Undergrad: 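Here it is, the structure, as structure tokens.
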Number of protein chains: 2
Amino acid sequence: MDKDITIYDIARELDLSPTTVSRALNDHPAVNKNTKQKICDVAVQMGYRSNIFASNLRKQRTHTIGVIVPRLNSPFMSSVMAGMEKEANNADYNLIITQSLETMQKEITNARTMFDSRVDGLLVSLAYETDNIEHFQPFISKGTPVIFYDRVIEHNQCTSIVIDNLQAAYKATSHLAKQGCKRIVHITADQKRNVYADRLKGYKYALIDNNLPFDESFVLITNLSEEAGVEAAQQILQMDPRPDGIFASNDTAAVSCMKELQKAGILIPDDMAVVGFNNDPVSRVIEPNLTTVNYPGYEMGEVAVRSLIHHLNGLSDIIITNTITLRSELIIRGSSLRSKIE
Amino acid sequence: MDKDITIYDIARELDLSPTTVSRALNDHPAVNKNTKQKICDVAVQMGYRSNIFASNLRKQRTHTIGVIVPRLNSPFMSSVMAGMEKEANNADYNLIITQSLETMQKEITNARTMFDSRVDGLLVSLAYETDNIEHFQPFISKGTPVIFYDRVIEHNQCTSIVIDNLQAAYKATSHLAKQGCKRIVHITADQKRNVYADRLKGYKYALIDNNLPFDESFVLITNLSEEAGVEAAQQILQMDPRPDGIFASNDTAAVSCMKELQKAGILIPDDMAVVGFNNDPVSRVIEPNLTTVNYPGYEMGEVAVRSLIHHLNGLSDIIITNTITLRSELIIRGSSLRSKIE
DNA sequence: CTTGTTGTTGCAATCGGTTGCAATATAAAA
DNA sequence: TTTTATATTGCAACCGATTGCAACAACAAG
């Protein structure tokens with residue numbers, strides 16, 4: 001077990017003061033070039049490593065970003081994390097990641113942990129359950145920037161990073177209408193979350209603009225799990241007259257629903273056209289391939305971290321930047337394409 | 001921007017010494033119950049939060065675990081991360097996560113970052129490229145435990161957490177043989193990594209035990225990506241006589257290969273039986289469903305963190321525990337099941 | 001020869017908890 | 001009443017780096 005080398009050891013070795021050593025290692029201009037070189041050499045040679053804690057303690061800055069995510073193990077969220085990690089790593093920031101597992105309780109605990117860890121900034125995607133964000137107030141009060149991504153909430157001190165969910169849903173639904181669907185079901189989740197609320201709106205507007213009636217019973221609120229997709233399929237099979245189109249808020253539910261319908265003999269896309277959301281790998285595996293909305297998760301992760309660091313460096317004022325919207329697009333595949341028209 | 005409250009503030013408020021406050025907040029036995037209660041109350045009321053850096057600096061312990069992972073965005077790895085996060089969170093440890101992106105260079109940099117961050121322990125799954133592990137030596141020398149998971153390497157000071165890859169591959173290949181396959185192709189990756197080397201061994205042994213010849217040209221070394229699966233399919237279609245079974249080292253490649261073969265008119269499982277590895281969601285989406293090895297990623301993450309913490313608490317000696325092997329199992333589905341026999 | 005400027009370096013305090021040891025009070029045993 | 005054990009509390013040093021301010025040297029300008 002080697003003993004740790006400190007700047008004091010280096011100072012003693014070279015008969016200098018710790019002050020000068022510290023300055024040299026931080027490339028401070030007021031240190032003689034030769035001295036600096038000598039110090040750096042000895043530091044390397046002695047196997048010195050800076051003590052981040054001493055430094056953090058003194059500087060009151062941690063170079064750490066906290067991330068709160070509903071669940072790590074979804075294709076979408078893991079892409080986001082991958083993008084975040086890449087950017088953070090590039091900028092020499094550490095990432096502390098915690099999951100809320102969709103409960104508000106955990107989210108509060110996580111926020112507390114992040115606060116105690118004194119992260120320089122916080123990136124949050126809200127849990128299904130969360131219905132207020134008081135637990136982020138301590139950050140705001142302390143001037144620690146909080147950025148929401150994907151599952152966001154309006155707050156006049158925080159930036160949000162999103163895609164245009166309303167527009168994406170509008171396009172998806174319109175596409176179904178243009179394919180001749182008259183009775184389009186929308187499978188989605190709790191309306192507390194912006195993403196689902198906005199998509200419902202987009203769905204509604206598209207119906208209106210395509211002269212289709214809106215029917216409350218055609219909106220299925222679920223947890224968007226695989227099982228939820230199966231249940232949705234069973235409900236849809238019960239409906240009379242039977243729907244002829246489905247717009248689901250994620251690919252997992254869309255795919256499992258589709259499979260269940262196929263099992264019941266429904267033909268896709270002819271009896272039923274289906275559109276999902278996210279562009280998960282499964283969407284390119286199911287037959288026919290699933291039409292879906294490409295959600296740029298990796299880019300969202302990158303942008304989130306980049307904006308945060310930008311702000312931390314004082315290069316932008318977070319209060320002015322209210323919302324950053326990323327581009328998404330409808331990818332049309334076999335599950336909804338009835339004709340070569342359009 | 002609120003000012004931070006310190007134990008000195010609390011001490012002054014209650015006319016006590018910082019020592020007593022510190023002890024009270026750490027639930028030290030040598031503090032009077034009433035005093036303790038009073039201190040805790042005031043702490044809460046004043047909005048005190050402990051300064052982790054001061055504490056870490058003094059205690060030389062960070063309560064942080066470092067994780068190095070090849071890529072975050074794969075279904076398997078994100079499950080592992082989810083399991084790790086859950087356990088770490090339960091035990092009040094933070095997780096710092098970095099990706100090597102399969103390069104040794106990044107892995108070295110990441111290791112260095114972790115070292116500078118003074119993580120209490122390190123969890124590593126090796127990059128494709130890595131061919132020596134000198135970069136973990138500083139941890140070993142300092143007595144910081146390093147645990148490898150999934151992509152491991154033999155080291156007499158480190159525990160490894162794995163599944164029995166050899167056996168899993170053996171079972172997968174034997175299963176194909178029992179289904180009547182005579183010419184089984186193995187799609188896998190660089191043999192530097194234990195997982196792929198062991199699976200190749202299992203594949204070989206199974207061939208031998210089933211009286212099938214081993215043919216070097218039937219082993220396709222790829223990066224196991226979606227594209228690699230397609231290319232593998234094209235190669236397979238060129239082979240004459242044509243193979244009649246495929247054992248792939250992950251589901252992504254297995255699925256894309258399968259789809260490409262189907263596109264060429266090959267019937268699965270009759271012309272070609274296919275087995276994958278990992279039990280990713282796609283394996284239950286493809287038609288016919290993919291036979292695969294269930295790899296308990298989530299559990300592996302849990303076990304890795306639990307073992308590490310166990311060791312950190314001095315409850316186990318890591319040097320004695322060489323390897324922890326988790327149970328995996330072959331899940332037989334339509335892609336390989338030609339008859340109801342077996 | 002004095003004053004001013006620039007370049008280098010060090011002193012000493014500070015960040016906020018933690019902990020070995022000593023001090024004091026209180027209770028129990030002799 | 002004296003001695004011994006036990007319970008509480010505080011002193012002061014320490015963890016390792018950072019930084020405002022002062023000190024000093026070398027040199028140029030006046």
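Keep in mind the model is a prediction, meaning the values are calculated, not measured. Atom set for the values below is all heavy atoms of this structure, side chains included, hydrogens, waters and symmetry mates excluded. Chain naming here is simple, since letters A, B, ... match the order of the sequence lines and numbering starts at 1 in each.
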Undergrad: Measuring only between side-chain heavy atoms, which start at C-beta, is B:F148 closer than 4.5 Å to B:I153?
TA: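 The answer is yes; the side chains approach within 4.5 Å.
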Undergrad: Considering only NZ, NE, NH1 and NH2 on the basic side and carboxylate oxygens on the acidic side, decide whether B:R193 and B:D131 come within less than 4.0 Å.
TA: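 Looking at B:R193 and B:D131, the cut-off is not met.
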Undergrad: What residues, two or more places apart in sequence or in another chain, satisfy side chain to side chain contact (heavy atoms under 4.5 Å, CB included) together with A:D150?
TA: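 A:D150 satisfies side chain to side chain contact (heavy atoms under 4.5 Å, CB included) with A:F76, A:M77, A:S125, A:V195, A:Y295, A:M300 only.
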Undergrad: Does a side-chain N-to-carboxylate-O contact under 4.0 Å join B:E102 and B:R151?
TA: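 The answer is yes: the pair qualifies as a salt bridge.
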Undergrad: Donor-acceptor pair, distance only, cut-off 3.5 Å: does the side chain of A:S22 make one with the backbone of A:T20?
TA: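 Not a single qualifying donor-acceptor pair exists.
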Undergrad: Would you please say whether a donor-acceptor pair under 3.5 Å links the side chains of A:N110 and A:T98?
TA: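 The criterion, which ignores hydrogens and geometry beyond distance, is satisfied for A:T98 and A:N110.
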Undergrad: Which is more 5' along DNA chain D, the nucleotide nearest B:P29 or the one nearest B:Q60? Just name the residue.
TA: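 With B:P29 and B:Q60 compared, the 5'-side residue is B:P29.
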Undergrad: Give the rounded distance in Å between these two atoms: CG of A:L57 and P of D:dC14.
TA: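 Result: 17 Å.
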Undergrad: By the 4.0 Å heavy-atom rule, please label B:F53 as base, sugar-phosphate, or nothing.
TA: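 Here B:F53 touches no strand at all.
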Undergrad: With side chains defined as the heavy atoms from C-beta onward, is the minimum distance between B:Y128 and B:K192 less than 4.5 Å?
TA: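 When only atoms from C-beta onward are counted, B:K192 and B:Y128 do not touch, as no gap falls below 4.5 Å.
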Undergrad: Mind running a 4.0 Å heavy-atom check of residues 111-122 of chain B against DNA chain C and sending the residues that fall below it, in number order?
TA: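 Within this stretch, nothing sits under 4.0 Å of the strand.
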Undergrad: Heavy atoms under 4.0 Å is the rule here; annotate nucleotides 19-28 of chain D 5' to 3' with B where the base is hit, S where only the sugar-phosphate is, and - elsewhere.
TA: BBB-------
Undergrad: Look at the side chain of B:N26 and the backbone N and O of B:R23, then say whether any donor-acceptor pair between them is shorter than 3.5 Å.
TA: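 Between the backbone of B:R23 and the side chain of B:N26 there is no qualifying donor-acceptor contact (under 3.5 Å).
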Undergrad: What contact category does B:N26 fall into here, base, sugar-phosphate, or nothing, at under 4.0 angstrom with non-hydrogen atoms?
TA: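 Counting heavy atoms under 4.0 Å across all strands, the contact made by B:N26 is with sugar-phosphate only.
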Undergrad: Side chains of B:I147 and B:I161, heavy atoms from C-beta outward: is any pair under 4.5 Å?
TA: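 A side-chain contact exists here, since the closest heavy-atom pair is under 4.5 Å.
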Undergrad: Looking across every strand, which nucleic acid part, if any, lies under 4.0 Å from B:L25 by heavy atom: base, sugar-phosphate, or nothing?
TA: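 Counting heavy atoms under 4.0 Å across all strands, no contact is made by B:L25.
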Undergrad: Compare all side-chain heavy atoms of A:I96 with those of A:V67 and state whether any distance is below 4.5 angstrom.
TA: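 No, their side chains stay 4.5 Å or more apart.
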Undergrad: Hey, what bend do you get for the helix from C:dC1-D:dG30 to C:dA30-D:dT1 if you fit axes on five pairs at each end, rounded to 10°?
TA: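 Axis-to-axis angle, ends of the helix: 50°.
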Undergrad: Determine whether the side chains of B:E107 and B:T130 contain a donor N or O and an acceptor N or O closer than 3.5 Å.
TA: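 Result is yes, a qualifying pair exists.
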Undergrad: Taking the side chain as everything from C-beta on, heavy atoms only, tell me whether B:V42 gets closer than 4.5 Å to B:L14.
TA: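 Of all side-chain heavy-atom pairs linking B:L14 with B:V42, at least one is under 4.5 Å.
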Undergrad: In a table with atom names and distances, give each donor-acceptor pair under 3.5 Å that connects a side chain of residues 33-40 of chain A to protein atoms at least two apart or in another chain.
TA:
| from | atom 1 | to | atom 2 | distance (Å) |
| --- | --- | --- | --- | --- |
| A:K36 | NZ | A:D27 | OD1 | 3.2 |
| A:K36 | NZ | A:H28 | O | 3.0 |
| A:Q37 | NE2 | A:D41 | OD1 | 3.0 |

Undergrad: Can you tell me the distance, in whole Å, between the CG atom of A:D9 and the C1' atom of D:dC15?
TA: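 For the pair A:D9 CG and D:dC15 C1', the rounded distance is 13 Å.
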Undergrad: Looking at B:N32, does any N or O in its side chain come under 4.0 Å of the phosphate oxygens OP1/OP2 on D:dT8?
TA: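 For D:dT8, OP1 or OP2 has a side-chain N or O of B:N32 closer than 4.0 Å.
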Undergrad: Of all nucleotides in DNA chain C with an atom under 4.0 Å from a non-hydrogen atom of chain B, which is the first and which the last going 5' to 3'?
TA: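 Footprint of chain B along DNA chain C, 5' to 3': C:dG16 to C:dC21.
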Undergrad: Tell me the interatomic distance from B:N51, atom CG, to D:dC15, atom C1', rounded to whole angstroms.
TA: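 From B:N51 CG to D:dC15 C1': 13 Å.
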